[in-house]
Undergrad: 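First the structure, then my questions, so here it is.
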Amino acid sequence: MRVILEPSFFSQPALAVGRQLLGKYIVRAERGKEVALPITELEVYDGFEDRASHAFRGKTPRNEVMWSDAGFLYVYFVYGMHWMLNVVVGKKNYPAAILIRGAGDISGPARLTVKLNITGAQSGVRAIPANGIWFEDRGVRISRGHCKRLPRVGVARAGAEWAEKPYRFVVV
DNA sequence: ACGATGATGAAC
DNA sequence: TTCATCATCGTA
């Protein structure tokens with residue numbers, strides 16, 4: 001079973017997408033080679049009220065893709081050396097995105113972008129096969145007991161209320 | 001525990 | 001134009 005995830009999947013409410021995206025595959029195709037990894041860890045950033053989200057400070061050249069259509073990629077550079085891969089979710093003009101933190105045996109968002117050769121060149125791009133990167137349902141089902149919800153990483157400055165929300169989803 | 005390493009956004 | 005910060009990682 002290989003079903004490509006469409007905008008109708010990503011345009012659901014952000015937390016619903018987060019829960020369902022665990023176990024889905026991220027697929028990267030370049031130069032005839034295909035890498036497909038099941039998503040094991042992610043974080044949801046949900047709306048302009050989320051103080052941990054880049055969208056909280058308003059639309060800027062870097063984050064404006066968060067306001068665009070569900071299924072687009074938001075890739076940004078941080079700490080002077082790391083690329084972070086997000087997929088835009090929710091309704092158009094509602095800024096929400098999901099940070100992919102781990103897939104397959106890769107643990108950590110920066111390592112994942114190195115493995116999949118993803119950089120700012122992919123920011124603002126639709127996640128579709130024609131662009132060499134997309135998401136698939138391959139029939140993996142993550143049961144309730146194998147899904148753990150935890151606080152997000154590295155967002156303490158957002159304040160306790162938002163830093164403590166269980167917006168990180170992990171396959172255990 | 002800390003340095004790498006540079007873009008970003010807010011303040012001046 | 002300066003400055004602190006940053007959705008991290010490798011080395012110690």
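So you know, we letter chains A, B, ... as the sequences are listed, proteins then strands, and number each from 1.
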Undergrad: Does DNA chain C take part in any stems of at least 3 consecutive Watson-Crick or G-U pairs (both distances under 3.5 Å), and if so, which ones?
TA: B:1-4 with C:8-11, B:6-11 with C:1-6
Undergrad: Of all heavy-atom pairs between A/C147 and A/L22, which one has the smallest distance, and what is that distance?
TA: SG-CD1, 3.8 Å
Undergrad: Search all heavy atoms of A/V172 against all heavy atoms of A/G145 and return the closest pair with its distance.
TA: CG2-O, 3.7 Å
Undergrad: Counting only heavy atoms not in A/R51, do more than 12 fall under 6.0 Å of its CZ?
TA: no
Undergrad: If the P atom of C/dA4 is compared with that of B/dG3, how far apart are they to the nearest Å?
TA: 16 Å
Undergrad: Could you list who else is in A/V65's hydrophobic cluster, with ILVMFWY side chains joined at under 4.5 Å, directly or through other members?
TA: A/Y45, A/M66, A/W67, A/F72, A/Y74, A/Y76, A/V78, A/Y79, A/M84, A/V88, A/L99, A/V155
Undergrad: Among residues two or more places apart or on two chains, list those pairs meeting side chain to side chain donor-acceptor pair (under 3.5 Å) that have a residue in residues 140-162 of chain A.
TA: A/D50-A/R152
Undergrad: Are any non-hydrogen side-chain atoms of A/K165 and A/D46 less than 4.5 angstrom apart?
TA: no
Undergrad: Quick one, which residues of residues 67-75 of chain A touch DNA chain C with a heavy atom under 4.0 Å?
TA: none
Undergrad: For A/R28 and A/N131, work out which heavy atoms get closest and say how close.
TA: NH1-O, 4.0 Å
Undergrad: Kindly give the heavy-atom pair with the smallest separation between A/G58 and A/N63, and that separation in Å.
TA: O-ND2, 2.9 Å
Undergrad: For A/S107, is there any backbone N or O sitting under 3.5 Å from a side-chain donor or acceptor partner on A/E41?
TA: no
Undergrad: With sugar-phosphate meaning primed atoms plus P, OP1 and OP2, does A/M81 contact a base, only sugar-phosphate, or nothing at under 4.0 Å between heavy atoms?
TA: base
Undergrad: Using the salt bridge (Lys or Arg N to Asp or Glu O under 4.0 Å) criterion, which residues pair with A/E6? Sequence neighbours excluded.
TA: none
Undergrad: Distances under 3.5 Å only, N/O to N/O: pair up the protein atoms with those of nucleotides 1-6 of chain C.
TA:
unit_1	atom_1	unit_2	atom_2	d
C/dC6	OP1	A/R157	NE	3.2

Undergrad: I'd like to know whether A/L5 forms a side-chain contact (heavy atoms from CB on, under 4.5 Å) with A/W134, so could you lay out the CA-CA distance, the side-chain angles of the two residues, the decisive distance to 0.1 Å, and finally the verdict.
TA: CA-CA 8 Å; A/L5 299 185; A/W134 68 97; over 6 Å; no
Undergrad: For A/R2, check salt bridge (Lys or Arg N to Asp or Glu O under 4.0 Å) against everything at least two apart and list the hits.
TA: A/E34, A/E136
Undergrad: For the residue pair A/V27 and A/A36, what are the closest heavy atoms and their distance?
TA: CG2-CB, 4.1 Å
Undergrad: Please list, in 5' to 3' order, the outermost nucleotides of DNA chain B lying under 4.0 Å from any heavy atom of chain A.
TA: B/dA4 to B/dA10
Undergrad: Only counting residues at least two apart or in another chain, list the ones meeting side chain to side chain contact (heavy atoms under 4.5 Å, CB included) with A/A156.
TA: none
Undergrad: What residues from residues 36-47 of chain A pass a heavy-atom cutoff of under 4.0 Å to DNA chain C?
TA: A/Y45
Undergrad: Could you note down all residue pairs passing ring-ring contact (aromatic ring centres under 6.0 Å, His included) where residues 84-103 of chain A supplies at least one of them, sequence neighbours left out?
TA: A/F48-A/Y94
Undergrad: Do A/H82 and A/P109 have side-chain heavy atoms sitting under 4.5 Å apart?
TA: no
Undergrad: Contact class for A/R152 vs. all strands (heavy atom < 4.0 Å): base, sugar-phosphate, or nothing?
TA: nothing
Undergrad: Closest heavy-atom contact between A/A127 and A/L73?
TA: CB-CD2, 4.0 Å
Undergrad: Could you tell me the separation between the CE atom of A/M84 and the P atom of C/dA7, rounded to a whole number of Å?
TA: 9 Å
Undergrad: Would you check if the distance from the ring center of A/F135 to the ring center of A/F10 is below 6.0 Å?
TA: yes
Undergrad: For DNA chain C, determine which residues of residues 98-116 of chain A have any heavy atom closer than 4.0 angstrom to one of its atoms, and list them numerically.
TA: A/L99, A/R101, A/G108, A/P109, A/A110, A/R111
